[in-house]
Asks: 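Input: one structure, supplied below.
Within every chain, numbering begins at 1; the chains are lettered A, B, ... in the order of the sequence lines, protein sequences first and strands thereafter. Side chains are part of it too, since the values below use all heavy atoms of this structure and drop only hydrogens, waters and symmetry mates.
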Number of protein chains: 2
Amino acid sequence: MHGDCQVNSRTGLSRSAYVEAALDVIAQVGVDKLSMRNVASRLNVSPMAMYKHFPTKDDLLAASLEEFILRADVVPPADLPWEQWVERAARGMYEALCRELGWVPLLGSLRVGAQAIAVTDAFVSKLVEEGFSIEQSLRAYFALIQVVVGAVCLRSSIGARASDQAGADDKLPSSVAGRLQTKDNARYISLELESFLRRDQIDIGLPLLIAALKSQLEEART
Amino acid sequence: MHGDCQVNSRTGLSRSAYVEAALDVIAQVGVDKLSMRNVASRLNVSPMAMYKHFPTKDDLLAASLEEFILRADVVPPADLPWEQWVERAARGMYEALCRELGWVPLLGSLRVGAQAIAVTDAFVSKLVEEGFSIEQSLRAYFALIQVVVGAVCLRSSIGARASDQAGADDKLPSSVAGRLQTKDNARYISLELESFLRRDQIDIGLPLLIAALKSQLEEART
DNA sequence: ACCTGAACACCGTTCAAGT
DNA sequence: ACCTGAACACCGTTCAAGT
């Protein structure tokens with residue numbers, strides 16, 4: 001991005017070439033299967049050559065996540081009203097992470113970089129322009145990230161459940177239904193829970209968050 | 001829990017003994033450093049002995065997470081008003097996970113078990129008793145999980161950042177402040193953001209969620 | 001200076017062999 | 001039946017040796 005295209009004379013590889021290769025590996029086999037060795041072999045270099053650019057596998061991953069965020073392009077156009085702007089931003093993040101679920105486990109352990117900051121920046125600026133206080137805007141941003149990350153986590157665990165057990169997935173609903181009295185309610189709850197598990201997770205938390213923000217803004221204005 | 005204490009005649013070990021040992025290892029070195037080999041060596045058994053009880057490392061982890069949830073004891077007393085009940089449940093989950101941050105990466109990839117279902121059950125029952133619809137209660141539960149998981153994720157990534165760079169952590173605020181005009185605002189924003197990063201993450205998303213639930217219930221009642 | 005190959009200390013898991 | 005040891009195919013990372 002900020003032009004670090006210094007090509008090494010012996011290998012012909014820049015730092016960004018490694019990131020590119022890492023993203024290729026991730027796209028093909030997933031973040032979890034990425035290794036120093038398979039990134040290096042894709043570039044026909046010794047694994048150790050990378051350690052000059054990335055002292056640790058985590059550094060390579062952090063750099064790759066940065067590029068991933070940049071390419072996800074989650075910042076909506078500036079002219080949208082804030083409710084839509086926030087919704088689009090959240091869905092953009094959610095969809096990007098769903099495309100590459102392997103990132104989710106790493107979100108808590110990798111350093112935040114310039115691209116993550118740029119998104120924070122855009123979000124806070126937008127809400128401040130719309131009349132929210134800085135404190136409210138930051139709170140909204142963190143809450144949004146929480147909902148997005150949590151939604152992706154849930155989605156990926158539901159995915160794991162679905163692919164594991166084929167026909168045995170009525171275990172979960174029936175248990176919940178059991179404790180909730182009266183026979184006629186029970187089947188209804190089962191169906192309801194099943195539908196919740198199948199639903200796009202971002203549709204669950206995000207509307208609640210936006211509703212809360214709306215009423216917060218109204219309070220501040222009166 | 002449901003009494004599977006069949007002690008093996010040769011090793012003297014039950015399934016739950018392995019889970020116990022796994023939890024010990026987790027407490028001492030963290031979930032990420034748990035391996036079949038170190039659990040087995042703690043019990044003076046060959047690593048392969050475990051594969052009879054747990055066909056896969058993930059199965060051992062799933063069983064350990066079950067026990068972890070059971071011991072976290074996140075279900076509050078039934079007589080609390082729902083706002084407090086929900087708040088206590090959320091904080092219980094948040095604190096348990098913060099004590100053992102290593103679980104967070106796994107939450108999305110491990111199968112949900114009986115203990116996780118028991119918590120869902122308790123939550124939905126409580127809200128239904130308080131006048132929410134089943135659909136609302138399930139939505140609230142999923143949203144709560146999202147906030148808790150997201151909050152723990154954020155907390156653990158902030159922790160990583162803080163321990164990495166000692167004095168260089170004004171990079172992040174200054175960048176955000178940069179794009180947000182006027183010199184006198186900038187320093188204020190920096191301070192504000194820093195304080196947000198230091199704050200307990202659950203305090204950020206949870207109040208918004210509870211506010212949204214409150215107004216939802218009021219709407220339904222009028 | 002920068003890259004390499006060999007090596008170290010680990011993994012999860014398979015499998016034939018033991019009792 | 002159930003446990004074992006050796007082995008396979010991987011890891012991240014270190015380090016002395018090459019150019």
Asks: Round to a whole Å and report the spacing from CG of B:N44 to P of D:dG5.
Replies: 12 Å
Asks: DNA chain D in dot-bracket, Watson-Crick or G-U pairs under 3.5 Å, [ ] crossing, | other strand?
Replies: ||.|||||...|||||.||
Asks: Start with the C-alpha distance between A:N38 and A:S41, add both sets of side-chain angles, then the distance that settles side-chain hydrogen bond (donor to acceptor under 3.5 Å, both in side chains), and finish with yes or no.
Replies: CA-CA 5 Å; A:N38 59 15; A:S41 81; over 6 Å; no
Asks: Rounded to the Å, how far apart are B:M50 CE and C:dT14 C1'?
Replies: 15 Å
Asks: Using only atom types and a distance under 3.5 Å, with no angle test, would you say the side chain of B:Q146 pairs donor to acceptor with the backbone of A:Q201?
Replies: yes
Asks: Tell me the closest heavy-atom pair linking A:G205 and B:A143, and the distance in Å.
Replies: CA-CB, 4.1 Å
Asks: Can you tell me how far CG of A:L144 sits from CD1 of B:I204, rounded to the nearest 0.5 angstrom?
Replies: 12.5 Å
Asks: Considering only heavy atoms, which members of residues 19-36 of chain A lie under 4.0 Å from some atom of DNA chain C?
Replies: none
Asks: B:T56 side chain: which of C:dT4, C:dC3, C:dT13 is closest?
Replies: C:dT13
Asks: Ignoring the backbone of B:S46, work out which of D:dC2, D:dG5, D:dC11 is nearest its side chain.
Replies: D:dG5
Asks: A:K57 side chain: which of D:dG12, C:dC3, D:dC3 is closest?
Replies: D:dG12
Asks: Can you identify which nucleotide, out of C:dT4, D:dA7, C:dC3, has its nearest atom closest to the B:R37 side chain?
Replies: D:dA7
Asks: Any side-chain heavy-atom pair from B:V86 and B:F123 closer than 4.5 angstrom?
Replies: yes
Asks: Atom CG of A:D58 to atom P of D:dC11: distance rounded to whole Å?
Replies: 16 Å
Asks: Which heavy atom in B:F54 sits nearest to a heavy atom in B:A63, and how many Å separate them?
Replies: CE2-CB, 3.9 Å
Asks: Can you tell me the distance, in whole Å, between the CG atom of B:L60 and the P atom of C:dT13?
Replies: 10 Å
Asks: Starting at CG of B:N38 and ending at C1' of C:dA9, how long is that distance when rounded to a whole Å?
Replies: 14 Å
Asks: For a 4.5 angstrom cut-off between non-hydrogen side-chain atoms, does A:L43 reach A:M50?
Replies: no
Asks: Starting at atom CZ of A:R15, determine the distance to atom P of C:dC2, rounded to an integer number of angstrom.
Replies: 15 Å
Asks: Can you check whether A:Y51 reaches A:M36 side chain to side chain, under 4.5 Å on heavy atoms?
Replies: yes
Asks: To the closest 0.5 Å, what do you measure between CG (B:L97) and SG (B:C153)?
Replies: 9.5 Å
Asks: Does OP1 or OP2 of D:dT13 have a side-chain N or O of A:Y51 closer than 4.0 Å?
Replies: yes
Asks: Give, for atom CG of A:L70 and atom CG of A:L65, the distance between the pair rounded to the nearest 0.5 Å.
Replies: 11.0 Å
Asks: Set out, line by line, the N/O atom pairs under 3.5 Å between protein and nucleotides 15-19 of chain C.
Replies:
none

Asks: Pick the P atom in C:dA9 and in D:dA9, then give their distance to the nearest Å.
Replies: 22 Å
